[in-house]
Number of protein chains: 2
Amino acid sequence: MSGKQRHPEIAFRKHDHRRCQRQLLSAATHLCAERKLRLTLRRRQVLEILLASHQPMGAYDILAELNRSDDKERVAPPIVYRALEFLLGEGLIHRIESRNAFISCIHPGHHRGAQFLICRDCDRVAELESNDSGLLAEADSLGFAVDHSVVEITGVCAECQKHDR
Amino acid sequence: MSGKQRHPEIAFRKHDHRRCQRQLLSAATHLCAERKLRLTLRRRQVLEILLASHQPMGAYDILAELNRSDDKERVAPPIVYRALEFLLGEGLIHRIESRNAFISCIHPGHHRGAQFLICRDCDRVAELESNDSGLLAEADSLGFAVDHSVVEITGVCAECQKHDR
DNA sequence: GGACATAGTGTTATATTATAACGTATCGAT
DNA sequence: ATCGATACGTTATAATATAACACTATGTCC
């Protein structure tokens, strides 16, 4: 499988996003098949909406997007939240706590907490995979059993700094 | 000034909390005086409520607490949110993003982002002060200008692990 | 010490984010 | 074909947060 390595700062660079999207959706499909899970219509729709960009989206933005396409069916919040819950659980998306928002994962299926650089100008988010070992070691030395870690760094990305702020 | 050093895991240990509280309130008072800021009634009340424990509290919990004491005056959400905003701005409290909650800072006035260990059993929160230099270095190498960092690690504290879960 | 500008408060209303509860539909196994 | 389990659809509502505006207190300039 070629082209699978995605560098962390992909969101901050020009890239063939169509291809990126296709690959990630395909990865999700395979992952669900392997795990014998159902990537149902709603789940796939929500994932596709998130895959359309490397920007975090609020649940209600996703909802609006779902309701935009067809002018017939209107869908209610629980539909979206349930799909998000599933996708989070399988490591296909992440939640950005500091924004109450959700974003597609660029390393689908890796459960271990990622780290995010969030540009406050353009709102793009880079997903890093440092092993924040220093901190985890410190937790360990205090006898603290780590479940999950949230690391979200806000600032201004290189691109936006060029545009003079 | 004696007894000023507070170790990070203080929340997870028995300690003279009355004293801890008194010192932190006094530190806040001095800090506001130095900075020529007003630690008004509402601000002090909210800070005191947060200082009463090392546990994060939601804005509406704080509100309820404010409204409990006197049975006369009822205060509305903006009062609380404004006080919280001030206290956050001066580094007297922190926001725990993953819980939509607020907690008193054990190193008042230090603005740089702290790191938190959050016990999901007892809800106590330890405030660390690692320099998560690895991550910041990585941000830097991507040309990303860091503003603020959120680091929240959820798990089970040593104490709660003893109680067999 | 009165007039002014500013910062803080009080109040109402409302926006935004998230979940409870319950009935219906779909899927997969037998 | 039936059954149990999972997912969906729907209504209502909970929990968190802010907008907007009038009023009050504080500091400061003269």
Side-chain angles (χ1 to χ4, degrees), chain A residues 28-29 32-50 55-67 69-70 72-90 92-103 123 150 152, chain B residues 28-29 32-50 55-67 69-70 72-90 92-103 123 150 152:
Chain A
T29 305
C32 286
E34 271 169 30
R35 296 183 184 170
K36 309 226 187 271
L37 298 169
R38 296 165 56 200
L39 189 59
T40 59
L41 175 64
R42 297 319 192 185
R43 292 170 177 176
R44 190 168 41 68
Q45 284 178 326
V46 168
L47 180 58
E48 283 177 345
I49 288 167
L50 285 174
Q55 306 203 188
M57 295 181 75
Y60 280 74
D61 298 332
I62 296 170
L63 183 62
E65 196 61 25
L66 264 180
N67 283 334
S69 28
D70 313 278
K72 293 202 172 185
E73 60 175 355
R74 306 262 98 190
V75 138
I79 300 289
V80 171
Y81 281 102
R82 286 194 288 233
L84 290 170
E85 189 180 14
F86 171 83
L87 297 169
L88 282 170
E90 299 308 322
L92 296 172
I93 65 174
H94 296 287
R95 183 179 160 86
I96 304 292
E97 297 289 350
S98 57
R99 302 222 164 179
N100 296 329
F102 303 86
I103 192 170
D123 286 330
V150 170
E152 298 173 11
Chain B
T29 305
C32 286
E34 273 170 28
R35 297 183 184 171
K36 308 226 187 272
L37 297 169
R38 297 165 55 199
L39 190 59
T40 59
L41 175 64
R42 298 319 193 185
R43 292 168 177 177
R44 191 167 40 67
Q45 284 178 327
V46 168
L47 180 58
E48 284 177 343
I49 288 168
L50 285 174
Q55 306 202 187
M57 293 179 76
Y60 280 74
D61 298 332
I62 296 170
L63 182 63
E65 196 63 24
L66 265 181
N67 282 335
S69 27
D70 312 277
K72 293 202 173 185
E73 59 174 357
R74 307 262 100 190
V75 139
I79 300 290
V80 172
Y81 281 101
R82 287 194 288 232
L84 290 170
E85 189 180 15
F86 171 83
L87 297 168
L88 283 170
E90 299 309 321
L92 296 171
I93 65 173
H94 296 286
R95 183 180 159 87
I96 305 292
E97 297 289 350
S98 58
R99 300 222 166 179
N100 295 330
F102 303 87
I103 191 168
D123 284 330
V150 169
E152 299 173 10

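Residue numbering restarts at 1 for every chain, and letters A, B, ... go by the order of the sequence lines.
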Checklist entry - Distance-only, no hydrogens or angles: does the A:E152 side chain make a donor-acceptor pair with backbone N or O of A:I96 under 3.5 Å? => result no
Checklist entry - Given side chains that start at C-beta, do those of B:R95 and B:E97 come closer than 4.5 Å, heavy atoms only? => result yes
Checklist entry - C:dT16 P sits how many Å from A:L63 CG, rounded? => result 13 Å
Checklist entry - Between A:D61 and A:R82, who's closer to the 5' end of DNA chain C by nearest nucleotide? => result A:D61
Checklist entry - Which part of the nucleic acid does B:R95 contact within heavy-atom distance under 4.0 Å: base, sugar-phosphate only, or nothing? => result sugar-phosphate
Pick out the pairs of N or O atoms, protein on one side and nucleotides 5-8 of chain C on the other, that lie under 3.5 Å.
{"unit_1": "C:dG8", "atom_1": "OP1", "unit_2": "B:R43", "atom_2": "NH1", "d": "3.0"}
{"unit_1": "C:dG8", "atom_1": "OP1", "unit_2": "B:R43", "atom_2": "NH2", "d": "3.2"}
{"unit_1": "C:dG8", "atom_1": "O5'", "unit_2": "B:R43", "atom_2": "NH2", "d": "3.2"}

Next on the checklist: Please check this pair: side chain of A:R35 against backbone of A:E90, looking for a donor-acceptor N/O pair closer than 3.5 Å.
Outcome noted: yes
Checklist outcome for this item: Here the distance between atom C1' of C:dA18 and atom CD1 of A:I62, to the nearest Å, is 13 Å
Item to check | Within-4.5 Å side-chain heavy-atom neighbours: B:I49 and B:D61 | outcome: no
Next on the checklist: Check whether A:R43 reaches the backbone of A:R38 with its side chain - one donor and one acceptor, N or O, closer than 3.5 Å.
Outcome noted: yes
Checklist entry - Between which nucleotides of DNA chain D, 5' to 3', does chain B make heavy-atom contacts below 4.0 Å? => result D:dT16 to D:dT26
Checklist entry - On DNA chain D, nearest-nucleotide positions of A:A83 versus A:P78: which is more 5'? => result A:A83
Checklist entry - Of all heavy-atom pairs between A:L87 and A:L39, which one has the smallest distance, and what is that distance? => result CD2-CD1, 4.5 Å
Checklist outcome for this item: Correct closest heavy-atom pair for A:P56 and A:D123 would be CD-O, 3.1 Å
Next on the checklist: Just the rounded figure in Å: distance from P of C:dT26 to CG of A:L39.
Outcome noted: 18 Å
Checklist entry - Please give, in whole Å, the distance from C:dA15 C1' to B:Y60 OH? => result 11 Å
Next on the checklist: Less than 4.5 Å apart, side chain to side chain, heavy atoms only: is that true for B:L84 and B:I62?
Outcome noted: yes
Checklist outcome for this item: When the rotation axes relating C1' atoms of four end pairs to the next four are compared across the helix from C:dG1-D:dC30 to C:dT30-D:dA1, five pairs an end, they differ to 10° by 30°
Item to check | B:R44 CZ to C:dT9 P, straight-line distance once rounded to whole Å | outcome: 11 Å
Checklist outcome for this item: Taken to the nearest whole Å, CD1/A:I79 to P/C:dT17 is 19 Å
Checklist entry - Is any side-chain N or O of A:Y81 closer than 4.0 Å to OP1 or OP2 of C:dA18? => result yes
Checklist entry - Under a 4.5 Å cut-off applied to non-hydrogen side-chain atoms, are B:F86 and B:T40 in contact? => result no
Checklist outcome for this item: Residues B:L66 and B:Q45: closest non-hydrogen pair is CD2-OE1, 3.3 Å
Checklist entry - For A:V80 and A:A59, which heavy atoms make the closest approach, and how far apart are they? => result CG1-O, 3.7 Å
